[in-house]
There are 2 protein chains.
Amino acid sequence: MQNKTDLFPDRLADLAAQAKALSHPARLAILQTLAQRGTCICGEVVDVLPLAQATVSQHLRTLRDAGLVRGEIEGPSTCYCLDDDALRTLADDFGAFVNTLTPDIPNGIEPDCC
Amino acid sequence: MQNKTDLFPDRLADLAAQAKALSHPARLAILQTLAQRGTCICGEVVDVLPLAQATVSQHLRTLRDAGLVRGEIEGPSTCYCLDDDALRTLADDFGAFVNTLTPDIPNGIEPDCC
DNA sequence: ATCGTGTATCGTCGTTATACGATAAGCTTT
DNA sequence: AAAGCTTATCGTATAACGACGATACACGAT
């Protein structure tokens, strides 16, 4: 299979890549876990999820590669934080994208034909 | 591989499933194409994308299964419309999710440790 | 230096996604 | 009935994903 991803505009490719980072419940659960602590988590992420350590580490790497999470080696364990700015940007981008799809209807009439 | 998706809360599984529907640039491009017309498209979707007809049909099915697009057989061709409500709901859900992750900081101080 | 703890990476396996050609199915028109 | 057009589906091949055990790595404590 050839990868046709690069045949599309960068904006769409970037959005799709970010959506892919959020496309697994384990990764959403990781984000929630990080958020619930208020601060970074240096460990314990594995204990919360019903997955093996190697799998959680993979998901964390995916989130880090997507820029949604920052990780730094912090002594014996590794410290993971949410990247609040990236998350907000992502939410904004998605909101903006959907808005371009469904602009506020001026006169309240849906032009749908179906 | 055992599918561990159902080991997570429904809310997260649903959000992840919707994100997955948006996780390919071709599908985002299809949504844009549908939106640009203002009305539904009964054909021509294939012509806009750099993909084979079978591939586009598959992506359309994915979007339909995710509830983001409605399709009805319209004479010789098939008519596809955006489901504006579903799209808005999706955007709201994502916004809400991100907000629970990054609540508005009351005193403007980031509690990050990294 | 050794042990223990916690994380990352490697290798692997099964599943799912992506992409396409070929074909079928449905409707229009001839 | 046959031809033509459009879309869906089937079959298939390759790539990517998800999951895990095993192992390597880094560091603190002993």
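Numbers restart at 1 for each chain; the letters A, B, ... are given by sequence-line order, proteins then strands.
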Do you know which two heavy atoms are closest between B/P50 and A/L7, and how far apart they sit?
-> CG-CB, 3.9 Å
When you match A/A54 and A/F8 each to their closest nucleotide on DNA chain C, which lands nearer the 5' end?
-> A/A54
Closer to the 5' end of DNA chain C via nearest nucleotide, is it A/R64 or B/T62?
-> A/R64
Could a donor-acceptor pair under 3.5 angstrom be found where the side chain of B/Q58 meets the base of D/dA8?
-> no
Would you indicate which nucleotide in C/dC20, D/dA8, C/dT7 comes nearest to any side-chain atom of A/Q53?
-> C/dT7
CG of A/N3 versus C1' of C/dA17: gap in Å, rounded?
-> 11 Å
Among residues 12-28 of chain A, which residues get a heavy atom nearer than 4.0 Å to DNA chain D?
-> A/K20, A/H24, A/R27
Using a heavy-atom cut-off of under 4.0 Å over every strand shown, decide if A/A52 touches base, sugar-phosphate, or nothing.
-> sugar-phosphate
So, for B/A26 and B/L51, which heavy atoms are closest and what is the spacing to 0.1 Å?
-> CB-CD1, 3.7 Å
Could you please name the option among C/dA22, D/dC20, C/dA19 that lies closest to any side-chain atom of A/L51?
-> D/dC20
Measure from the side chain of A/S57, starting at C-beta and using heavy atoms only, and say which of D/dA22, C/dG11, C/dA8 lies closest.
-> C/dA8
Using a heavy-atom cut-off of under 4.0 Å over every strand shown, decide if B/L60 touches base, sugar-phosphate, or nothing.
-> nothing
Are the side chains of B/V56 and B/H59 in touch, meaning some heavy atoms are under 4.5 Å apart?
-> no
Using a cut-off of strictly less than 4.0 Å, decide whether B/T78 has a side-chain nitrogen or oxygen near OP1 or OP2 of D/dT7.
-> no
Is the phosphate of D/dA8, meaning OP1 or OP2, less than 4.0 Å from a side-chain N or O of B/Y80?
-> yes
Check whether any side-chain heavy atom of B/L68 lies under 4.5 Å from a side-chain heavy atom of B/L22, and answer yes or no.
-> yes
Return the value, rounded to whole Å, for the distance between atom CG of B/D6 and atom P of D/dG18.
-> 15 Å
Give a yes/no on whether any side-chain N or O of B/H59 is located under 4.0 angstrom from OP1 or OP2 of C/dA17.
-> no
Evaluate the side-chain proximity of A/L101 to B/L82: yes if any heavy-atom separation is below 4.5 Å, no if none is.
-> yes
A/K4 NZ to D/dA16 P, in whole Å, measures 14 Å
Locate the shortest heavy-atom distance separating A/L34 from A/Y80; write the atom from each residue and the value.
-> CD2-O, 3.5 Å
Salt bridge flag under 4.0 Å for residues A/D92 and A/R88 = no
How close or far is atom C1' of D/dC20 from atom CG of B/L7, stated in whole angstroms?
-> 14 Å
B/R61 side chain near D/dA8 phosphate (N/O to OP1/OP2, under 4.0 Å) = no
